[in-house]
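The structure's right below; bear with me while I get my questions together.
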There are 2 protein chains.
Amino acid sequence: MKLATIRDGSRDGQLAVVSRDLATAHLAPGVAPTLQRALDDWRFIAPQLQDLYETLNAGKARHAFAFDPAQCAAPLPRAYQWADGSAYVNHVELVRRARSADMPETFWTDPLMYQGGSDDLLGPCDDARFLSEDWGIDFEAEVAVVTDDVPMGSTPEQCAEHVRLLMLVNDWSLRNLIPAELAKGFGFFQSKPATAFGPVAVTPDELGDAWRDGKVHLPMLCHWNGRKVGEADAGVDMVFDFHRLVAHVARTRNVRAGSIVGSGTVSNKNVSKGWSCIAEVRALEMIESGKAQTGFMKFGDTIRIEMIGADGLSVFGAIAQTVARGTAGR
Amino acid sequence: MKLATIRDGSRDGQLAVVSRDLATAHLAPGVAPTLQRALDDWRFIAPQLQDLYETLNAGKARHAFAFDPAQCAAPLPRAYQWADGSAYVNHVELVRRARSADMPETFWTDPLMYQGGSDDLLGPCDDARFLSEDWGIDFEAEVAVVTDDVPMGSTPEQCAEHVRLLMLVNDWSLRNLIPAELAKGFGFFQSKPATAFGPVAVTPDELGDAWRDGKVHLPMLCHWNGRKVGEADAGVDMVFDFHRLVAHVARTRNVRAGSIVGSGTVSNKNVSKGWSCIAEVRALEMIESGKAQTGFMKFGDTIRIEMIGADGLSVFGAIAQTVARGTAGR
């Protein structure tokens, strides 16, 4: 099934079930007021949402309304955890090679992961506001899973049972703030501002065969200012599958319901597939010509991120954001 | 006022107002069911909680009950953000000197901060469970603030208006996992398991003169297995005050209500004040004799962390935890 959060002026919005073709939606207040509440008691709530989903798809839901992604908050407008991996090691290797840094061999066997801020997650059509273009504004197209409760020390096989939803992510990054933060050794912080999510979260069964081995086997379509720049296959070159990534999160601690775990920027070794973030094309340019030619995003730029299923339908709906100038202190 | 979250079997527990002397408590369901809900609408809710607090302190609350810290969850049992600074730069310098690593001068002017996991926060008397003693189990005694909404780019002066509550923190750390994680450059992750918090969150006015310049001017009392090991003054040697730390969090993004921002391990240059984490005494031993003699914590060890106000009352109640063996996968 497909689930969205409709803005209603509250911090958490209202949970809605969305039809498979993303044409119609139906609120579910009698089942669960918010997506977090559904995840808190997934085994009990999910079957009831599934019933409503089937009724809606059959065109028989009594209070269906036209679905409008612009009315959506992130499926989880605020979450208790957002942990982002870097599972496409090709991307990491390219970026490091561009700055003549060796990549430790362990990066192929031990996932890179950072803890992201999750108190303020952006909806699919929200403007992405920054105080300065000089920060090196970049998009990062990713997939993420949402878990229910995962006990500490769970194996990847055990973690597979806890993947409840999949989402589309735009992990906004401020490239020019990254080197200084990484040099400090405490990881990303200011260089990772609010992250945006696609209109609907979907249960893995929605992907059919495209969800297998803990990976999403579909192209990640990226359009920057209307020009297609990427169609990398998210199922190719993903060194650590989602079950492994969730197990990494759970190694030393219990993971609670509603935790979001991301794949990192999708990246294929086959360069004809383009790129899912500007940092990657800049790394390629640097390696090829010694100089990065493509600049980062400017105020007014647009980014569109989407995945189309085998049936031709948009799986998650599109992230379609505009970069905008923010105002400090309000 | 002083606020606690009483366990009731639900994920978020129930908000209670606690008397100044921590003797009695009173639920506040008619005002706000949870602390997060109170923070979501602080200006409206806080005065109502304050009324109840005054009635409780006067011994006139109708349904008061004996306050028992063992019944407490963390004031926020799960939070949307837990960002931890390292404001006592003395600690950072010592630990680095012990391993013959220089400390960049910028550490005195630009706060170190990491994003912590906030989906599973421990209550003051919860066992701290780990799968292995080999991970180098260590406590870290800290103070933290809780904010309401802070707009992106707010100045430290503006951030001062958004500090709503203070809490006591035990930021559990797995020292032997840290070097490999820092080497990867993405910051702490598995080396920072679930964090514990003191029984009550307090409004800054509860500290009187001890809260000034965005710092808590009180000793941090640490007892390890019943032996006092630390009484460092949290108001001394704090290079970045809380207003500055909150401004660091908000530099590139909006900060939402219920965000927890920590000070990092309290540490004084005056070594007679002892230490607030084992890593520090080990660093001192290493510098003095070339060898760390004090081992990390073992299963069965206890840690007690508390702050006593000028009036002789415990400000936050005590964190009193036992280290216990966890079981993988359940």
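In what follows, chains are A, B, ... by sequence order, proteins preceding strands, each numbered from 1.
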*Would you say the side chains of A:Glu280 and A:Ser267 form a donor-acceptor pair under 3.5 Å?*
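Yes, side-chain donor-acceptor contact under 3.5 Å.
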*Contact origin within B:Ser118 toward chain A - heavy atom pairs under 4.5 Å*: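 The answer is both parts of B:Ser118.
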*Charged N to carboxylate O under 4.0 angstrom, B:Asp119 versus B:Arg11?*
no
*Heavy-atom contact with chain A under 4.5 Å, split by part of B:Arg256*: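 Its backbone and side chain both get close to chain A.
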*Check whether the side chains of A:Asn170 and A:Gln321 place a donor and an acceptor atom closer than 3.5 Å, and report yes or no.*
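Short answer, yes.
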*Does A:Lys192 make a cation-pi contact with A:Phe188 (under 6.0 Å, within 45 degrees of the axis)?*
yes
*Counting only heavy atoms closer than 4.5 Å, note whether B:Pro77 contacts chain A via side chain, backbone, both or neither.*
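Neither the backbone nor the side chain of B:Pro77 comes within 4.5 Å of chain A.
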*Interface residue of largest heavy-atom contact number with chain B, from A:Val150, A:Leu174, A:Val249, under 4.5 Å*: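 Option with the greatest count: A:Val249.
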*Within-4.5 Å side-chain heavy-atom neighbours: B:Val246 and B:Val145*: yes
*Taking all non-hydrogen atoms of both residues, which atom of B:Ala201 and which atom of B:Leu165 are closest, and how far apart?*
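Residues B:Ala201 and B:Leu165, closest heavy atoms: CB-CD1, 4.1 Å.
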*Within a strict 4.5 Å, meaning less than it, do heavy atoms of the A:Ile137 and A:Trp172 side chains meet?*
yes
_B:Lys184/A:Asp110 ion pair, N-O < 4.0 Å_ =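 Salt bridge present between B:Lys184 and A:Asp110.
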*asked:* Looking at every non-hydrogen atom in both residues, tell me the closest pair between B:Ala38 and B:Leu15 and how far apart they are.
replied: CB-CD2, 4.2 Å
*So which of A:Glu181, A:His248, A:Gln190 has the largest heavy-atom pair count under 4.5 angstrom toward chain B?*
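If we count pairs closer than 4.5 Å to chain B, A:Gln190 comes out on top.
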_Top contributor to chain A interface from B:Ser191, B:Gly117, B:Ser259, B:Ala183 [non-hydrogen pairs under 4.5 Å]_ =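 Top option by heavy-atom pairs under 4.5 Å: B:Gly117.
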_Out of A:Ala257, A:Gly153, A:Ala250, return the one with the most heavy atom pairs under 4.5 angstrom to chain B._
A:Gly153
*Side chains of B:Ser10 and B:Asp12: is there a donor and an acceptor less than 3.5 Å apart?*
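There is no such pair between these side chains.
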*Which members of residues 97-107 of chain A, sorted by number, sit under 4.5 angstrom from chain B on a heavy-atom basis?*
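So far as heavy atoms go, A:Phe107 are the residues that approach chain B to under 4.5 Å.
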*asked:* Taking 4.5 Å as the heavy-atom cut-off, does anything in residues 78-91 of chain B contact chain A, and if so which residues?
replied: B:Arg78, B:Ala79, B:Tyr80, B:Gln81, B:Ala83, B:Ser86
Using residues 123-135 of chain B as the side-chain source, report each donor-acceptor pair under 3.5 Å to any protein atom, sequence neighbours left out, with the distance given to one decimal.
unit_1   : atom_1 : unit_2   : atom_2 : d
B:Asp126 : OD1    : B:Arg7   : NH2    : 2.4
B:Asp126 : OD2    : B:Arg7   : NH2    : 2.8
B:Asp126 : OD2    : B:Gly123 : N      : 2.7
B:Arg129 : NH1    : B:Arg325 : O      : 2.9
B:Ser132 : OG     : B:Asp134 : N      : 2.9
B:Glu133 : OE2    : B:Phe299 : N      : 2.7

*Any chance CZ of B:Arg96 has more than 12 other-residue heavy atoms, nucleotides or ligands included, within less than 6.0 Å?*
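Buried by this count: over 12 neighbours within 6.0 Å.
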*asked:* Non-hydrogen contacts under 4.5 angstrom with chain A: give the residues of residues 154-164 of chain B involved, or none if there are none.
replied: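 Residues in range: B:Ser154, B:Gln158.
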*asked:* Can you confirm whether B:Val146 sits close enough to B:Leu76 that some side-chain heavy atom of one is under 4.5 Å from a side-chain heavy atom of the other?
replied: yes
_Quick check: closest heavy atoms across B:Ser263 and B:Glu142, and the distance to 0.1 Å?_
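Result for this residue pair: OG-CB, 3.7 Å.
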*Return the minimal non-hydrogen interatomic distance between A:Ile45 and A:Val31, and the atom names on each side.*
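Taking A:Ile45 first and A:Val31 second, the nearest heavy atoms are CD1-O, 3.4 Å.
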